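Since this is a predicted model, take the numbers as computed values, not measurements.
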Amino acid sequence: MTVEKRVLFKSWWLPWVLIAPQMAIVLVFFFWPAGQALYQSVLQQDAFGTSTQFVGLENFEALWADETYLASFKTTAVFSVAVAALGLTLSLLLAVMADRVVKGSAFYKTLLIWPYAVAPAVAGVLWLFMFAPSIGVVSYALRSMGLDWNHLLNGTHAMILIVMAAVWKQISYNFLFFLAGLQSIPKSLIEAAAIDGAGPWRRFWTVQFPLLTPTTFFLLVINIIYVFIDTFAIIDAATSGGPGKDTAILVYKVYFDAFKAMDLGGSAAQSVVLMAILVALTVVQFRYVEKRVHY
C-alpha cells in the first residue's frame, strides 16, 4: 500500500503567492483576450471603432451563410491532417535513424534541430523562393522533369507548398521529443527482444513504439494546436491564402476578415469558433486517444 505524500504549508496564503505569477500570466494572456473575443463577437463595429452596436448572434449566423468560411473548414481539415501525419511520421523516422548513428551523431542531430530556430514567416519565404515559378530552384528542376509547377495559379500546388513548409518548420520539435523518448527506453528490453529472435522492425513495433505512446500523444496534441494557429505566418508569407481562397485556413481567414475586410465583429466570431474547435479537439484526444497510451 502506497501512502500519498502531500506538501503542507504553515501559512494558508503561501500556496496562493507561489502560483500567483502563473495565474497572472494565464489571466492576462488567455482569459482576458478570450473574454474580449467573446464580447466583440456579439458586436458590430466600424473599422475605426467609433460606432458600436450590439447584434447578438448575428455575426455567428452570418458565418454559416458564408460559403468561403465553410470552405475554409475543408481546407483546414486537409491541411491539418497532412501536416500532423507527415510531421509525426518523418520526425519519428529521423529520430529512429539518429538513435542508431554512432559516428558524427552530434553533427547529424544538430542539422535536424536547426529548422526549429527559423521563424515561421522566414520558413514561408524560404520555401516560397525555392518554389517560385520564375526563379525557384526546385520549380526549375520540376519543369525539367515535365511538371509545370505554379502555386500562384494551381491550388493543389499551393497546398503542397504550405504543407511542406509547415512540416519542415515543426519537424525539429517533434524530432527532439521522439529522440529523447527513444533514448529513455532501457536497452535491456531491446536486447531481450533481440535474444528472443525479434528483428529490428518487430523490436520497434512491439517494444519501442508502445513505450513511445506518451510522447506520441503529447506531440499529437501539440501538432494539432500548431497547425491551427502557428502556421498563420507560413501561409501569409508563402501564399497569402491563395490562389483564390484555396489555402485560407481558419486562422488566416480570421486575420483577413479583421485587418483587410475590416469586419471586426465577424472575425471575433470566427476566433470564438476556432477556440471552441481547438478545445473540442483537445478534449476528444484526451478522452479517447489517451486510452491507447501506455504509461
Notebook entry, point to check: Stepwise, does the side chain to side chain contact (heavy atoms under 4.5 Å, CB included) test hold for Leu250 with Gln270?
Noted result: CA-CA 8 Å; Leu250 290 171; Gln270 292 179 39; over 6 Å; no

Check: Should Phe175 and Phe178 be marked as a ring pair (Phe, Tyr, Trp, His ring centres under 6.0 Å) after you check the CA-CA gap, both sets of side-chain angles, and the distance that decides it?
Finding: CA-CA 5 Å; Phe175 167 78; Phe178 274 132; 9.2 Å; no

Notebook entry, point to check: Should Val55 and Val42 be marked as a side chain to side chain contact (heavy atoms under 4.5 Å, CB included) after you check the CA-CA gap, both sets of side-chain angles, and the distance that decides it?
Noted result: CA-CA 6 Å; Val55 295; Val42 296; 5.6 Å; no

Check: Yes or no on side chain to side chain contact (heavy atoms under 4.5 Å, CB included) for Leu189 and Leu211, after CA distance, side-chain angles and deciding distance?
Finding: CA-CA 11 Å; Leu189 296 177; Leu211 295 175; 3.8 Å; yes

Check: Going through the distances and angles, do Gln208 and Ile185 end up as a side chain to side chain contact (heavy atoms under 4.5 Å, CB included)?
Finding: CA-CA 7 Å; Gln208 293 176 293; Ile185 298 175; 4.0 Å; yes

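Within the model, atoms CG of Asp66 and CD of Glu61 stand 14.0 Å from one another, a figure rounded to the nearest 0.5 Å. Between Met159 atom CE and Met164 atom CE the span is 12.0 Å, to the nearest 0.5 Å. We find the CE-OG distance between Met262 and Ser267 to be 10.5 Å, quoted to the nearest 0.5 Å. Summarising the geometry, atom OG1 belonging to Thr282 is positioned 6.0 Å from atom CG belonging to Leu278; distances are rounded to the nearest 0.5 Å. Between Ile235 atom CD1 and Tyr255 atom OH the span is 12.5 Å, to the nearest 0.5 Å. From Thr206, atom OG1 reaches atom CD1 of Ile190 across 10.0 Å, with rounding to the nearest 0.5 Å.
Contact of the Tyr116 side chain with the Ile171 side chain is not registered, since no non-hydrogen atoms from C-beta on lie closer than 4.5 Å. The shortest distance between side-chain heavy atoms of Ile162 and Trp127 does not fall below 4.5 Å. With contacts defined as side-chain heavy-atom distances shorter than 4.5 Å, the pair Leu92/Phe209 qualifies. The shortest side-chain heavy-atom distance between Pro186 and Glu191 does not fall under the 4.5 Å cut-off. Residues Trp114 and Ser172 are not in side-chain contact: their nearest non-hydrogen atoms beyond the backbone lie 4.5 Å or more apart. Counting only heavy atoms from C-beta outward, the side chains of Trp64 and Leu70 approach each other to under 4.5 Å. The shortest distance between side-chain heavy atoms of Asp148 and Leu142 does not fall below 4.5 Å. You'll find the side chain of Val28 stays beyond 4.5 Å of the side chain of Met23, heavy atoms only.
Val81 belongs to no hydrophobic cluster with other residues, because no ILVMFWY side-chain heavy atom falls under 4.5 Å from its own, directly or through intermediates.
Using a 4.5 Å cut-off between side-chain heavy atoms of Ile, Leu, Val, Met, Phe, Trp and Tyr, with links allowed through other members, Leu27 and Leu38 fall into different hydrophobic clusters. Each of Val125 and Leu161 belongs to its own hydrophobic cluster when Ile, Leu, Val, Met, Phe, Trp and Tyr are linked at side-chain heavy-atom distances under 4.5 angstrom. Put simply, Val122 and Ile113 are part of two different groups of oily side chains (I, L, V, M, F, W, Y) that touch within less than 4.5 Å, one to the next. Val227 and Leu220 fall within the same hydrophobic cluster, defined by Ile, Leu, Val, Met, Phe, Trp and Tyr side-chain heavy atoms under 4.5 Å apart, directly or through other members. There is a path of hydrophobic side-chain contacts, each under 4.5 Å, that joins Trp205 to Val96.
When all heavy atoms are compared, the tightest approach of Ser271 to Ala268 is OG-O, 2.6 Å. In terms of heavy-atom proximity, Ile234 sits nearest to Ala165 at CG2-CB, 3.7 Å. The shortest heavy-atom contact between Ala121 and Ala237 is O-CB, 3.6 Å. Residues His151 and Ala132 approach most closely at CE1-CA, 4.2 Å, considering heavy atoms. Across Asn150 and Pro133, no two heavy atoms sit closer than the pair OD1-CG, 3.4 Å. Considering all non-hydrogen atoms of both residues, Tyr69 and Leu63 come closest at CD2-O, 3.5 Å.
For the pair Ser139 (side chain) and Ile135 (backbone), a donor-acceptor distance under 3.5 Å is absent. No donor-acceptor distance shorter than 3.5 angstrom exists from the side chain of Asp236 to the backbone of Phe232, with no hydrogens or angles considered. Under the 3.5 Å distance criterion, the side-chain polar atoms of Tyr252 are matched with a main-chain donor or acceptor of Ser240. Looking at Lys245, its side chain never comes within 3.5 Å of a backbone N or O of Ser72 through a donor-acceptor pair. Asn59 places a side-chain N or O within 3.5 Å of a backbone atom of Leu43 that can act as its donor or acceptor partner. The closest donor-acceptor contact from the side chain of Gln170 to the backbone of Ala166 lies at 3.5 Å or more, if one exists at all. Side-chain atoms of Trp149 come within 3.5 Å of backbone N or O of Phe131 as a donor-acceptor pair. Of the possible donor and acceptor atoms, one in the side chain of Thr247 sits under 3.5 Å from a partner among the backbone N and O of Gly242.
Within 6.0 Å of CZ in Arg143 there are more than 12 heavy atoms belonging to other residues, nucleotides or ligands. In Phe73, the CZ atom is crowded: over 12 heavy atoms of neighbouring residues, nucleotides or ligands sit closer than 6.0 Å. Shown here is Phe259, whose CZ atom has no more than 12 heavy atoms of other residues, nucleotides or ligands within 6.0 Å.
Salt-bridge check for Arg203 with Asp196: failed, with every basic side-chain N at 4.0 Å or more from each acidic carboxylate O.
Under the 30°/60° scheme for interplanar angles, the aromatic rings of Trp201 and Phe204 are found to be tilted. The aromatic rings of Phe286 and Phe217 stand perpendicular to each other, their planes meeting at an angle above 60°, with 30° marking the opposite boundary.
Of the candidates Leu86, Asn174, Leu176, Asn174 is the only one forming a side-chain contact (heavy atoms from CB on, under 4.5 Å) with Ser91.
The cationic group of Lys74 does not satisfy the cation-pi geometry with Phe79, failing either the under 6.0 Å distance to the six-membered ring centre or the 45° limit from the ring axis.
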